[in-house]
Amino acid sequence: MDILGIFLSSASFILAPTTIAYALATLGLALHFGYGGLLNMGMAGFMALGAYGYAIGVLTFGLPWYFAAFVGIAASIVFALILGIPTLRLRGDYLAIVTIAAAEIVRLMLLSSAFGGVTGSADGLSGFNGPGGTVTNPTVGAGGFNEGNPIPEGVYGFVPFLDNERTWYLRIVGILILAIAIFVVWRLVNSPWGRVIKGIREDEDAVRSLGKNVFAYKLQVLIIGGVLGALGGLMLAFATNVNSSVYVTSLTFFLWTALLLGGAATVFGPLAGSIIFWVLQAFLGLLFPALASVGLMPFTTIQAAQIKFIIVGFALVLLVVFRPQGLFGNKKELTFVK
Amino acid sequence: MSSKPTSSSPIKSTGLHVGEIKPGVAKKDPILIADGVRRQFGGLVAVDVDHVEIPRNAITALIGPNGAGKTTFFNLLTGFDQPNEGKWSFNGKSLAKVSAFRVARRGLIRTFQLTKALGLLTVMDNMKLGSTEQSGEKLSASLFPFLWTKKETEIEAKATEILQRFKLDTKKDDFAASLSGGQRKLLEMARALMTDPELVMLDEPMAGVNPALTESLLEHILGLKAQGMTVLFVEHDMHMVRHIADWVIVMAEGRVVAEGAPDEVMKNPAVIDAYLGSHQDVDLGTVTGRITLPKISKEK
């Protein structure tokens with residue numbers, strides 16, 4: 001059993017593109033739920049729109065990757081408006097139901113063969129990242145994300161971050177986007193605007209009675225959080241092919257797990273939560289099969305790999321019971337939970 | 001409470017009405033006029049007010065039995081609910097179809113029967129939220145602190161001053177959720193003052209508040225009037241109504257059944273029938289029949 005190898009492979013997830021993508025989308029959820037009190041259960045839908053918007057922009061409209069990325073972001077804004085205008089007048093729990101349904105509608109439309117010419121239907125889309133292709137499917141496309149790569153070919157870094165130029169490019173772009181996003185969210189929630197949305201989270205009628213346009217604020221929160229979700233989807237698309245089977249409801253729940261791990265009403269919690277979530281997932285996913293293969297666990301290696309979900313689920317239950325404010329949350333805030 | 005020597009008797013505004021006193025009587029200087037306001041919930045007519053005027057710079061009490069439609073009427077006037085028909089105006093401008101937050105911006109601020117302190121915001125943040133002048137509340141400006149930090153300091157100074165008056169200044173960094181019920185009532189009222197309102201509508205400000213705190217709340221309400229504001233409040237504590245109200249409006253079954261100065265209104269047989277009961281000054285034990293005696297006459 002190569003325990004060092006397991007540790008190193010797990011550690012590589014600290015700065016993996018997927019982790020960054022999760023951190024972005026979870027940051028969006030933190031803004032929605034932790035600060036704005038909007039129970040968004042459809043983050044996967046926003047991510048799907050970001051990813052597909054970009055891929056379709058490149059493949060169908062032949063846009064350069066940066067314009068195509070804006071197509072993805074614009075799609076998520078339109079989605080937030082369509083979702084928000086009729087539903088933000090509803091109370092929290094209803095919004096949760098509507099968002100979960102809307103995200104499924106998005107996914108099923110992307111899956112549907114009716115739009116197969118554009119969305120690739122069940123096969124999804126690939127080859128939109130241009131020269132070098134995607135990590136998993138290196139095909140040659142035009143005007144994709146990889147064309148912007150200024151890093152010369154080669155392998156850089158040190159174990160566990162020993163990667164080729166493409167992965168580093170992706171990682172640096174991701175970290176830049178994430179850093180800007182975290183700064184913007186931090187700035188927003190610590191401004192008078194942030195005070196209003198926190199007020200809305202506590203009691204929207206009270207805020208309304210003080211002369212604030214609650215609906216407009218909620219719509220702004222939904223849009224900004226949705227754009228962060230779309231950026232997460234973009235990161236996933238920069239990294240690999242897009243396929244509707246990725247943007248399922250369980251993706252949303254993984255994001256929620258990361259959010260609660262880090263702390264819902266925090267700015268750095270989403271990042272910490274995403275890192276912990278992915279490193280832990282990877283670690284347990286490697287450790288259990290390894291233990292099984294040397295006979296320390298009474299399972300086949302395939303069964304053992306699935307046990308991580310049980311452990312993660314159990315850890316989440318413990319977390320919510322004993323540390324509901326998350327790792328970074330303010331304990332004081334939870335003393336007075338209604 | 002009213003007999004405590006500490007609180008001197010407030011000066012009542014008189015001569016607020018024009019002509020004979022009857023439900024819907026015209027006022028010399030009305031701030032709020034409601035005309036034919038009617039709200040139905042299915043078959044139930046919750047509010048059906050023919051005409052009512054609220055006098056400016058006076059304290060008006062709205063009383064009536066539970067279910068009389070007082071809170072619904074509040075909701076209608078403040079845009080939290082829309083009536084089926086009728087028109088109503090504030091400072092001569094119609095408020096029909098004006099949304100709640102715009103009503104508040106025009107200077108008509110309300111509080112709620114179930115206190116709405118914003119629990120996980122600090123007392124100071126609760127107060128700052130009341131300010132209507134912070135441009136940093138706009139999304140576009142919020143990212144640039146130099147646009148709003150100066151205003152923020154001004155707002156904080158104003159909030160501190162009001163908090164001192166309400167004796168909440170020592171609590172300013174605590175979460176509102178850590179306050180007692182009475183302190184939350186105070187906070188809600190203080191927060192409403194941050195908006196510089198013209199008309200303050202208080203929905204049962206004294207409910208669940210102990211006598212000593214009631215007294216200080218009374219002082220604050222009288223203070224509002226002294227500062228030139230108009231107060232309309234719903235209350236069941238008749239001592240308090242008698243003590244501070246300049247004018248009393250009585251609602252029952254959605255209608256205004258009586259109006260007038262407090263002392264006169266409380267002698268009105270319709271009011272006694274519908275609301276006060278004929279034993280308001282008698283020990284409750286007698287009324288309920290647990291203590292024997294004087295024979296009970298008509299009782300609702």
Name the region of Phe215(A), side chain, backbone, both or neither, that has any atom closer than 4.5 Å to a heavy atom of chain B. neither
Report the residue from Val189(A), Val196(A), Leu188(A) that forms a side chain to side chain contact (heavy atoms under 4.5 Å, CB included) with Ser142(B). Leu188(A)
Can you pull out the residues in residues 19-39 of chain A with any heavy atom less than 4.5 Å from chain B? none
Between atom CH2 of Trp186(A) and atom CG of Leu143(B), what is the distance when rounded to the nearest 0.5 Å? 11.0 Å
Please determine if Glu152(B) and Arg195(A) form a salt bridge, counting it only when a charged side-chain N lies under 4.0 Å from a carboxylate O. yes
Measure the shortest side-chain to side-chain distance between Asp125(B) and Glu202(A) over non-hydrogen atoms and say whether it is less than 4.5 angstrom. no
So does Phe80(B) have more than 12 non-hydrogen atoms from other groups sitting under 6.0 Å from CZ? yes
Taking side chain as everything from C-beta outward and backbone as N, CA, C, O, which of these in Arg191(B) sits under 4.5 Å from a heavy atom of chain A? Side chain, backbone, both or neither. both
Should Leu121(B) and Arg201(A) be marked as a side chain to side chain contact (heavy atoms under 4.5 Å, CB included) after you check the CA-CA gap, both sets of side-chain angles, and the distance that decides it? CA-CA 10 Å; Leu121(B) 263 59; Arg201(A) 174 190 70 194; 4.2 Å; yes
By a 4.5 Å heavy-atom criterion (distance strictly below it), what part of Lys138(B) contacts chain A: side chain, backbone, both, or neither? backbone
Taking atom CZ of Phe67(A) as the centre, report whether more than 12 heavy atoms of other residues, nucleotides or ligands fall under 6.0 Å from it. no
Are there over 12 heavy-atom neighbours, none belonging to Phe101(B), within less than 6.0 Å of that residue's CZ? yes
I'd like to check Lys198(A) versus Leu120(B) (side-chain heavy atoms, cut-off strictly below 4.5 Å). Are they in contact? no
Might you point out which heavy atoms bring Trp148(B) and Ser191(A) nearest each other, and give the distance in Å? CZ2-CB, 3.6 Å
Whether the side chain of Tyr217(A) engages the backbone of Leu139(B) through a donor-acceptor N/O pair (distance < 3.5 Å, no angle test) should be reported. no
Residues of residues 71-86 of chain A near chain B, each having a heavy atom less than 4.5 Å away: none
Region of Asn190(A) in contact with chain B, defined by heavy-atom distances below 4.5 Å: backbone
Non-hydrogen atoms of Ala104(B) and Ser209(A) that approach each other most closely: CB-O, 3.4 Å
Using non-hydrogen atoms only, which part of Ser99(B) is less than 4.5 Å away from chain A: side chain, backbone, both, or neither? neither
Measure the spacing between CZ of Arg102(B) and CG of Asn213(A) and express it to the nearest 0.5 Å. 6.5 Å
Keeping the roles fixed (side chain from Lys116(B), backbone from Val207(A)), state whether a donor-acceptor pair exists under 3.5 Å. no
Structural part of Ile197(A) lying under 4.5 Å from a heavy atom of chain B: neither
What part of Thr78(B) gets closer than 4.5 Å to chain A, counting heavy atoms only: side chain, backbone, both or neither? neither
